[in-house]
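Hydrogens, waters and symmetry mates play no part in the numbers below; they use all other heavy atoms, side chains included.
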2 protein chains.
Amino acid sequence: MMGAVSATGGYLKGRLRRQDILGAAIEVYAEAGYHGSSLREIAKRAGITHAGLIYYFPTKEALLAAVLEHRDTQDADRERFATTPPGREVLRRFITLAEHNVRNPGVVDLYARLAAEAVAADHPAHEYFQRHYRTARDIALKSFQALADRGELRDGVDPNATAVAFIALMDGLQVQWLTAAEDVDLVGILKSFVDNVLTSPLD
Amino acid sequence: MMGAVSATGGYLKGRLRRQDILGAAIEVYAEAGYHGSSLREIAKRAGITHAGLIYYFPTKEALLAAVLEHRDTQDADRERFATTPPGREVLRRFITLAEHNVRNPGVVDLYARLAAEAVAADHPAHEYFQRHYRTARDIALKSFQALADRGELRDGVDPNATAVAFIALMDGLQVQWLTAAEDVDLVGILKSFVDNVLTSPLD
């Protein structure tokens, strides 16, 4: 019994420690970007030793994939993707997410780099990205499908192709925006894409 | 006089050598992808020593940026972007380029990785990507603008936002397609994007 309690306590403590590290990592990437961020700084910010960090995340890739997974959870919670009924409001929340990203270039940079590296099937973050894309496309598809069912999608617009395009557009715009922010109105172009497939504009 | 002739001969020879190396590099990347490609293999294929290659391209990044620049020239020549009047035909040629890319994942992988790395202003390929995006968007913009002028773009569709979105969509789709080819019909989705903004489909 004591053993079980202690194990549970240990498990919970480990989970909280993991959360501390991920929270610290997201902060550090947001502030310093991909190149300015070190595992040492992340450990320091999480109040843990470098060896302690390695205990939870044995490789840098494992930490990076966990950072992005954690960020997806935060994004989903903040934009209430799971509880908002499919339709215009979900698309509005995607635009709000893009606005959030524009204020956090460090994590967007991390995401774009890791996405390009992780196309290889043997990369530690490969499965994360497959899952991430599928989840994002699925949320978008449900909304475009609901709008099609209600006649709010223009004739001839395919909900599935539009969902895949919407998520790909978001990712592609981020890289161009990181390269030359002055050339790319990320949020405006995303909104204009949505307006183009709807029978009446989003707002 | 002799000196001038010799200098010209040397210059020409150097330019041809550079072309050999770039041609070899594109072949090797197309066959073996980013991770399977080594400078040693590229040198071997170009019939030059490793030291000889380093003479022309002192760093790996310099070679990679030159590979992509050379590929842009090849793409532009093959699709005749400079000599095709702006309009539907140019958009069709972008779709043909996407079909070409689907048959050459190795170079697409190289492009996607370098694009993500080169967002940093001090990266050796940063200027290449700024130029690449501007050129690509400009070609697309001229065509969407010409179509708008002829009333072939749907009401309310902005040629500039559409051009930026079109190029970003191409890039974003490539990364998702490299990650899970079975999930993403790259060419179909690109074509469907164009059809959605035109008053009548592309074909």
Side-chain angles (χ1 to χ4, degrees), chain A residues 33-35 105 108-123 126-127 129-134 136-137 154 156-158 160-181 183-186 188-193 195-197 201, chain B residues 33-35 105 108-123 125-127 129-130 132-134 136-137 154 156-158 160-181 183-186 188-193 195-197 201:
Chain A
Y34 189 82
H35 275 300
V108 177
D109 186 349
L110 168 64
Y111 171 88
R113 275 168 204 271
L114 210 61
E117 282 174 24
V119 301
D122 59 354
H123 190 282
H126 184 71
E127 278 179 43
F129 276 100
Q130 287 198 318
R131 209 165 47 236
H132 167 82
Y133 293 136
R134 281 184 192 144
R137 286 190 304 242
R154 279 191 310 95
V157 173
D158 175 60
N160 188 55
T162 306
V164 180
F166 184 55
I167 303 304
L169 177 60
M170 224 163 154
D171 289 355
L173 282 172
Q174 284 177 354
V175 178
Q176 281 193 50
W177 167 75
L178 286 169
T179 306
D183 288 352
V184 177
D185 173 12
L186 197 153
I189 288 162
L190 211 54
K191 193 169 171 302
S192 139
F193 171 87
D195 286 346
N196 280 342
V197 296
Chain B
Y34 190 83
H35 275 299
V108 177
D109 186 347
L110 168 63
Y111 171 87
R113 275 167 204 271
L114 211 61
E117 282 174 23
V119 302
D122 59 354
H123 190 281
H126 184 72
E127 278 179 42
F129 276 100
Q130 288 198 318
H132 166 82
Y133 293 136
R134 279 181 194 147
R137 287 189 303 242
R154 280 192 310 94
V157 173
D158 175 60
N160 189 55
T162 306
V164 180
F166 185 53
I167 302 305
L169 177 59
M170 225 164 155
D171 289 354
L173 282 172
Q174 285 178 353
V175 178
Q176 282 193 49
W177 167 76
L178 287 168
T179 306
D183 288 351
V184 177
D185 173 11
L186 196 154
I189 288 162
L190 212 54
K191 194 170 170 304
S192 138
F193 171 86
D195 285 346
N196 280 344
V197 296

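Both the backbone and the side chain of A:Ile167 come within less than 4.5 Å of a heavy atom of chain B. Looking at A:Val184, only its side chain comes within 4.5 Å of chain B, counting heavy atoms on both sides.
Between atom CG of residue B:Asp109 and atom CD of residue A:Glu117 there is a gap of 10.5 Å, rounded to the nearest 0.5 Å. Atom CZ in A:Arg154 sits 3.0 Å away from atom CZ in B:Arg154 (nearest 0.5 Å). Distance check: B:His132 NE2 to A:Gln176 CD gives 8.0 Å after rounding to the nearest 0.5 Å.
Counting heavy-atom pairs under 4.5 Å between each of B:Ala121, B:Ala118, B:Gly172, B:Ala180 and chain A puts B:Gly172 at the top. Ranked by heavy-atom pairs shorter than 4.5 Å toward chain B, the options A:Ala165, A:Gly188, A:Ser192 are led by A:Ala165. When each of B:Asn196, B:Thr162, B:Asn160 is scored by its heavy-atom pairs under 4.5 Å with chain A, the top score falls to B:Asn196. Of the residues considered (A:Leu190, A:Asp183, A:Leu173, A:Asp185), A:Asp183 shows the highest number of contacts with chain B, using heavy-atom pairs under 4.5 Å. Each of A:His123, A:Arg137, A:His126 has some count of heavy-atom pairs under 4.5 Å with chain B, and the biggest count is that of A:Arg137. Counting heavy-atom pairs under 4.5 Å between each of B:Asp158, B:Val197, B:Asp171, B:Val164 and chain A puts B:Val164 at the top.
Residues A:Ala116 and B:Ala112 share a closest heavy-atom pair of CB-O, 3.5 Å. In plain terms, the two heavy atoms of B:Leu169 and A:Ala168 that are nearest each other are CD1-CB, 4.0 Å. Taking each heavy atom of B:Ala161 and A:Ile189 in turn, the nearest pair found is O-CG2, 3.9 Å.
Side-chain atoms of B:Gln130 come within 3.5 Å of backbone N or O of A:Thr179 as a donor-acceptor pair.
With contacts defined as side-chain heavy-atom distances shorter than 4.5 Å, the pair A:Tyr133/B:Val175 qualifies.
Remark: B:Asp195 engages B:Lys191 in a salt bridge (charged side-chain N to carboxylate O under 4.0 Å, His left out) (not counting sequence neighbours).
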